[in-house]
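First up is the structure itself, then whatever we jot down about it.
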Amino acid sequence: MMRTFRGGLLIGLALAVLVAVGAIIYEFYDTRTLKRTVRRGEVLCGVNKGLPGFSIPDDKGNWTGFDVDFCRAVAAAIFNDPGKAKFIALDANERFKELQSRKVDILSRNTTWSMARELDYDLYFPAVAYYDGVGFMVPRARNKETSLDLTDSKVCVQSGTTTTLNVADYFRANNMKYEEVKFDNLNDVVKAYDTGKCDTFSADVSQLYALRLNLTKPGDHMILPDMISKEPLAPVVRQRDDDWMMIVKWTLYAMINAEELGVTSENIDEALKSKKPEVMRLVGTEGRYGEQLGLTKDWAARIIRHVGNYGEMYDRNIGEKSKLKIPRGMNQLWNAGGVQYAPPMR
């Protein structure tokens, strides 16, 4: 009888070990981010450590910004609660590794979409949230008018970014000489430029607008008018996780479509009563689009109610209602002179 008991105990322990190992393997290899997110009860968002207008915490740890709001929109679509977004600050050099290792569910962190990044890191960029380009900031005292005036400049850049490659290409293509001053940490780049260790600062133009606010005398510096590259900034997710990719992509597209249709956080209740087919499909009173995404019918209405449409998100963080006041430019809707465009919801 004792042998039977011991045998049963050993079998039970073996089964327990197998179940535990299986659970670990499932958690590590399962690509169903949506199921893990729902089970966890929050969306883990990788963001910039401190970029005004895009993602920055206050002294109480409350995050604000364009990229922050987009993550809140994803949380609103899933949980009907933008507060279910948790923000994890990541440096440029660690962002892709942390996404690959599942420390975060999504990168919403001024990241340029490029072919090499999709292929080399096994990642996917669902849609362009912000059209940008690399530019230059210089002291006004240098009296420079365009980027072609920057020959023999000392250019501060952050390593691990597409900026270093674009700057090198630009100066080589125009037969101009320059000295690269490179730092791993963005704060070190800003400090070096602010203290005169370099006479030119290169980054995405949106980033230059934001970081100029951190300089000792912001008014003494100007951002040159020309861009030298295409920098489509997009949220990033892991490949082979189509359900999650579709939610992230259509969260952005819902916000863009909402602006085009004139649906805002202020009139969402009226929109829910609308009889216009396009509005009805957007807010979920017609069709099963939310359910096909694994969400509720009113998933887009949740986003708009809690976070707003694309224009609202832009204006309060980086546009006219913000300190940055970055012109919409290319990020205007396609029917207002820009290139921001979303496929129809039908």
Tell me every residue that passes side-chain hydrogen bond (donor to acceptor under 3.5 Å, both in side chains) with E291, counting only those two or more places apart in sequence or in another chain. R288
R140 side chain to G219 main-chain N or O, any donor-acceptor pair under 3.5 Å? yes
Residue set satisfying salt bridge (Lys or Arg N to Asp or Glu O under 4.0 Å) with R109, at least two apart, ordered chain then number -> none
Is the backbone of L44 close enough, under 3.5 Å, to the side chain of D105 for a donor and an acceptor to pair up by distance? yes
Side chain to side chain contact (heavy atoms under 4.5 Å, CB included), paired with V205, selected from D226, I228, I326, D132: D132
Distance alone, cut at 3.5 Å: any donor-acceptor contact between the side chains of N48 and D67? no
Between R95 and A92 (side chain of the first, backbone of the second, donor and acceptor by atom type, cut-off under 3.5 Å), is there such a pair? yes
Regarding S229 and E231, do their side chains bring together a donor and an acceptor under 3.5 Å, going by distance alone? yes
Of all heavy-atom pairs between V189 and C156, which one has the smallest distance, and what is that distance? CG1-CB, 3.8 Å
Take atom CZ of F183 as the centre, draw a 6.0 Å sphere, and report whether it contains more than 12 heavy atoms from other residues, nucleotides or ligands. yes
Does the gap between the ring centers of F201 and H221 come in under 6.0 Å? no
Answer with yes or no whether the side chains of H306 and D81 bring together a donor and an acceptor at under 3.5 Å. no
With no hydrogens and no angle check, is any side-chain donor or acceptor of N267 less than 3.5 Å from a backbone partner on T264? yes
Residues that D122 engages under salt bridge (Lys or Arg N to Asp or Glu O under 4.0 Å), provided they are two or more places apart: R240
Going hydrophobic residue to hydrophobic residue with side-chain gaps under 4.5 angstrom, can you get from V68 over to L107? no
Could R142 and D199 be called an ion pair, given the rule that one side-chain N must be under 4.0 Å from one carboxylate O? yes
State whether a side-chain donor-acceptor pair under 3.5 Å links D241 with T33. yes
Got a sec, which residues hit ring-ring contact (aromatic ring centres under 6.0 Å, His included) with Y131, two or more places apart in sequence or on another chain? none
Which pairs pass side-chain hydrogen bond (donor to acceptor under 3.5 Å, both in side chains) with one or both residues in residues 328-338, sequence neighbours excluded? E259-R328, E260-W334
Pair D298, T296: side-chain N/O donor-acceptor within cut-off below 3.5 Å: yes
NZ/NE/NH1/NH2 to OD/OE distance under 4.0 Å, K191 and D194: no
W299: what forms a ring-ring contact (aromatic ring centres under 6.0 Å, His included) with it, not counting sequence neighbours? none
